[in-house]
Number of protein chains: 2
Amino acid sequence: MADGRGASSYSGENLLFLTDEQLRQAIEAMFFAYRGFTADPDRILVDMAYGRAHHRAIHFINRAPGTTVNNLLGLLGVTKQSLNRVLRTLIADGLVKSQVGKTDKRERHLYLTEAGRALEQTLSDAQRVRMRGAFRDAGPEAVAGFRTVLEAMMDPEMRHSYTKLKENGA
Amino acid sequence: MADGRGASSYSGENLLFLTDEQLRQAIEAMFFAYRGFTADPDRILVDMAYGRAHHRAIHFINRAPGTTVNNLLGLLGVTKQSLNRVLRTLIADGLVKSQVGKTDKRERHLYLTEAGRALEQTLSDAQRVRMRGAFRDAGPEAVAGFRTVLEAMMDPEMRHSYTKLKENGA
DNA sequence: GACTTTACGTCAGGGTTGTTGACTTTCCAA
DNA sequence: TTGGAAAGTCAACAACCCTGACGTAAAGTC
């Protein structure tokens with residue numbers, strides 16, 4: 001109101017692409033794209049007795065080796081009972097190694113075994129093929145925008161986790 | 001190799017942003033963002049006896065009124081048995097109306113009732129609030145890139161369905 | 001040292017979502 | 001008209017996630 005001119009020109013600019021119809025289309029795009037996003041690893045996982053939950057656990061253990069169960073819980077956003085079921089099978093199958101914490105013996109630090117890393121590689125390769133293709137088709141500017149919007153769409157806590165993982169990986 | 005200069009300059013440009021690390025980050029961004037994407041409607045749905053599947057059905061019936069069960073099957077990518085359970089409850093609860101086809105009596109045409117439209121509005125309002133906020137924060141160019149990448153990420157059949165819905169809605 | 005909290009694991013029970021298999025009704029074509 | 005294909009429905013089962021409760025071990029606190 002005070003700076004009416006600037007604000008109205010800004011909102012006017014945005015009204016052009018923030019119609020309900022445009023938002024509806026974006027919602028559908030998100031839905032269809034996510035289906036594609038998970039399709040390739042899913043195909044690999046059905047052949048084993050695994051599901052998407054196993055994939056997620058493997059992904060983040062690979063990404064943050066030595067992470068604790070509690071930490072993983074926060075990243076995945078599931079209950080410990082749910083995660084435990086997944087972890088139990090992964091450990092039994094020799095894909096994940098659980099190590100009692102040195103300083104705090106209550107904690108279990110999680111690592112991928114050689115076999116676990118191999119599966120992770122297989123799964124993320126499959127997923128990256130599609131991403132790489134989409135990114136190449138869309139071009140660098142589109143990819144930058146893509147990531148900006150995704151980040152803005154996250155819950156604040158998730159954005160924090162995401163940023164921390166990015167810093168670790170870089 | 002034949003047109004080494006053009007190709008290498010193009011791929012060189014892309015190699016800068018298509019590293020495995022960058023792709024990994026994008027995968028995580030997609031994961032975290034999708035969580036946010038579904039969080040708001042999910043919160044509303046738990047209070048009723050409904051889940052995400054009901055939301056999807058309601059969304060697409062609203063989007064393509066009179067669609068058949070078979071058509072909806074293709075959009076949602078589930079088996080007809082799975083969809084049927086959802087539809088049965090929605091019809092029983094008076095949110096969806098099923099009409100026997102006139103030319104082909106095997107088909108059922110699906111419509112939202114008044115109550116169905118009300119719920120759809122509630123759900124998509126909640127979802128759009130987040131999208132609108134993310135889009136406003138990211139800006140128009142980022143949104144354009146976002147949609148370009150999402151479209152490139154879809155399976156070809158899904159991209160086709162998506163495009164058709166877009167044309168209908170516009 | 002007693003008490004509380006934290007980290008992890010597990011059992012029991014229930015809900016949604018997805019699948020396969022078997023079935024009916026309707027359409028269409030040989 | 002008969003037989004196959006398509007659309008939809010019903011039933012049973014598995015996967016995955018959730019809540020709630022309980023147990024154990026270790027850490028932190030008074």
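Order of the sequence lines fixes the chain letters, A, B, ..., with proteins taken first and strands second; residue numbering starts at 1 for each chain.
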Whether A:His59 and A:His55 hold their rings parallel, tilted or perpendicular, with breakpoints at 30° and 60°: perpendicular
Donor on one side chain, acceptor on other, A:Arg63 and B:Gln25, under 3.5 Å: no
Without placing hydrogens or testing angles, list every side-chain donor-acceptor pair under 3.5 Å for residues 68-83 of chain B, not counting sequence neighbours.
from, atom 1, to, atom 2, distance (Å)
B:Thr68, OG1, B:Asn71, N, 3.2
B:Asn71, ND2, B:Thr67, OG1, 2.9
B:Thr79, OG1, B:Ser82, N, 3.3

Geometric class of the A:Phe146/B:Phe146 ring pair [parallel <30°, tilted 30-60°, perpendicular >60°]: parallel
Qualifying residue for ring pair (Phe, Tyr, Trp, His ring centres under 6.0 Å) with B:Phe31, from A:Phe37, A:Phe60, A:Tyr162: A:Phe60
For B:Arg117, salt bridge (Lys or Arg N to Asp or Glu O under 4.0 Å) partners two or more places apart: B:Glu114
Reported CD1-to-CE distance for the pair B:Ile27 and A:Met131, which is rounded to 0.5 angstrom: 5.0 Å
When you compare the protein's N or O atoms with those of nucleotides 25-27 of chain D, which come within less than 3.5 Å of each other, and at what distance?
from, atom 1, to, atom 2, distance (Å)
D:dA27, OP1, A:Thr103, O, 3.1
D:dA27, OP1, A:Lys105, N, 3.2

Minimum-distance pair of heavy atoms, taken over all atoms of A:Gly51 and A:Leu45: O-CD1, 3.5 Å
Nearest-angstrom distance from the residue atom CZ of B:Arg108 to C1' of D:dA7: 8 Å
Salt bridge A:Arg130-B:Asp155, side-chain N to carboxylate O under 4.0 Å: yes
Whole-Å distance separating the CG atom of A:Leu76 from the C1' atom of D:dC18: 15 Å
Electrostatic pair B:Glu120:A:Arg24 at N-O distance under 4.0 angstrom: yes
Length of the CG-C1' vector between B:Asn70 and C:dT25, whole Å: 15 Å
Any B:Asn84 side-chain nitrogen or oxygen under 4.0 Å from OP1 or OP2 of D:dT9: yes
Pair B:Arg35 + A:Glu157: basic N to acidic O under 4.0 Å: no
Contact pattern, 5' to 3', of nucleotides 15-22 of chain C - B, S or - by protein heavy atom under 4.0 Å: -SBBBBB-
DNA chain C contacts made by residues 36-43 of chain A, counting heavy atoms under 4.0 Å: none
Close approaches to DNA chain C from residues 90-98 of chain A, in residue order (heavy atom, under 4.0 Å): none
Nucleotide C:dC8, atom P - distance to CZ of A:Arg88 in whole Å: 16 Å
B:Asp20/A:Arg132 salt bridge by N-O under 4.0 Å criterion: yes
Euclidean distance, B:Arg147 CZ relative to A:Met30 CE, rounded to 0.5 Å: 13.0 Å
